[in-house]
Amino acid sequence: MDNEQTNDSKYRERVYRIVRQIPVGHVMTYGQIAEILGEGYTPRTVGYVMHGADTQNVPWQRVINSQGACSTGKLTLPINLQQKMLEDEGIKFNEKNRCDLKTYLWLSDGFRADEENQPSLFCD
DNA sequence: AACTTGACGAGGG
DNA sequence: CCCCTCGCCAAGT
């Protein structure tokens with residue numbers, strides 16, 4: 001069997017593994033996820049990975065930018081689909097389409113990014 | 001192999 | 001608070 005596919009997607013899997021831990025009604029930012037994963041990851045690459053996310057198996061809508069807004073820009077998807085989905089989860093957005101990260105940001109106290117590489121960087 | 005493109009983010013003005 | 005610039009790094013051309 002070709003496990004090359006598995007190997008290639010490992011980079012992305014680390015991101016998805018975290019995203020799947022975000023509870024309904026909460027969000028994480030691209031930068032936050034990049035910081036947790038550490039070397040090799042940046043907010044931009046996390047965004048790139050999320051762009052290719054399997055929308056069926058990953059709660060992609062729960063990853064937003066550091067301003068508390070949806071960065072979906074010009075996707076093939078409707079511009080406000082992400083925000084709408086989050087509103088359905090109970091998240092409130094203001095007139096500038098931004099939500100309060102103080103309220104909704106998930107601090108990921110107990111997540112496991114990778115069993116062999118446990119991050120030591122938590123928000124105390 | 002070189003250059004461009006992003007679902008980003010911090011910092012300066 | 002808004003706008004611009006630059007750094008970041010995987011992927012696509």
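All of these numbers come straight from a predicted model, not from anything done at the bench. To find a chain, count down the sequence lines: A is the first, B the second, and so on, and within it residues start at 1.
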Write out all pairs satisfying ring-ring contact (aromatic ring centres under 6.0 Å, His included) with one or both partners inside residues 27-47 of chain A, taking only residues at least two apart or from two chains.
->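 Output for this query lists A:Tyr11-A:Tyr41.
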Nearest-nucleotide comparison on DNA chain C, the residue closer to the 5′ end among A:Arg98 and A:Thr42 =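 Upstream on the strand: A:Arg98.
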Just how far, in rounded Å, is [atom2] of [N] from [atom1] of [X]?
X	N	atom1	atom2	result
A:Glu95	C:dC2	CD	C1'	16 Å
A:Asn97	C:dC2	CG	P	12 Å
A:Lys96	C:dC3	NZ	P	11 Å
A:Leu37	C:dA10	CG	P	13 Å
A:Tyr16	B:dA7	OH	P	13 Å
A:Arg12	C:dC9	CZ	C1'	13 Å
A:His51	C:dG12	NE2	P	11 Å

For A:Glu89, salt bridge (Lys or Arg N to Asp or Glu O under 4.0 Å) partners two or more places apart |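 A:Glu89 satisfies salt bridge (Lys or Arg N to Asp or Glu O under 4.0 Å) with A:Arg62 only.
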Enumerate the protein-to-nucleotides 8-13 of chain B contacts in which both atoms are nitrogen or oxygen and the separation is below 3.5 Å.
from: B:dC8; atom 1: O4'; to: A:Pro43; atom 2: O; distance (Å): 3.4
from: B:dC8; atom 1: N4; to: A:Arg44; atom 2: NH1; distance (Å): 3.1
from: B:dC8; atom 1: N4; to: A:Arg44; atom 2: NH2; distance (Å): 3.4
from: B:dG9; atom 1: OP1; to: A:Tyr30; atom 2: N; distance (Å): 3.4
from: B:dG9; atom 1: OP1; to: A:Gly31; atom 2: N; distance (Å): 2.9
from: B:dG9; atom 1: OP2; to: A:Ser66; atom 2: N; distance (Å): 2.7

Compare every heavy atom of A:Ala34 with every heavy atom of A:Thr42, then report the nearest pair and how far apart it is.
->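 Smallest heavy-atom distance, with atoms named: C-CB, 3.4 Å.
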Hey, is the main chain of A:Gln82 close enough, under 3.5 Å, to the side chain of A:Gln61 for a donor-acceptor pair?
->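 No; judged by distance alone, with no hydrogens or angles, the pair does not exist.
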Looking for any heavy atom pair under 4.0 Å, which part of the strands does A:Gly52 touch: base, sugar-phosphate only, or nothing?
->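 Contact class for A:Gly52: none.
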Tell me, please, which residues at least two apart from A:Asn97 pass side chain to side chain contact (heavy atoms under 4.5 Å, CB included).
->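 Side chain to side chain contact (heavy atoms under 4.5 Å, CB included) list for A:Asn97, sorted by chain: A:Gln83.
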Report the residues that fulfil side chain to side chain contact (heavy atoms under 4.5 Å, CB included) with A:Lys96, sequence neighbours left out, ordered by chain and then residue number.
->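 Expected list: A:Asn94, A:Arg98.
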Given C:dC9, B:dA7, C:dA11, which nucleotide is nearest the side-chain atoms of A:Gln82?
->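 So the nucleotide nearest the side chain must be B:dA7.
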Compare the minimum distances between each of C:dC2, C:dC8, B:dG6 and the side chain of A:Tyr48, then state the nucleotide with the smallest one.
->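 Closest nucleotide among those given: B:dG6.
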Looking at residues at least two apart in the chain, or sitting in another chain, which of them share a ring-ring contact (aromatic ring centres under 6.0 Å, His included) with A:Tyr48?
->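 ring-ring contact (aromatic ring centres under 6.0 Å, His included) list for A:Tyr48, sorted by chain: empty.
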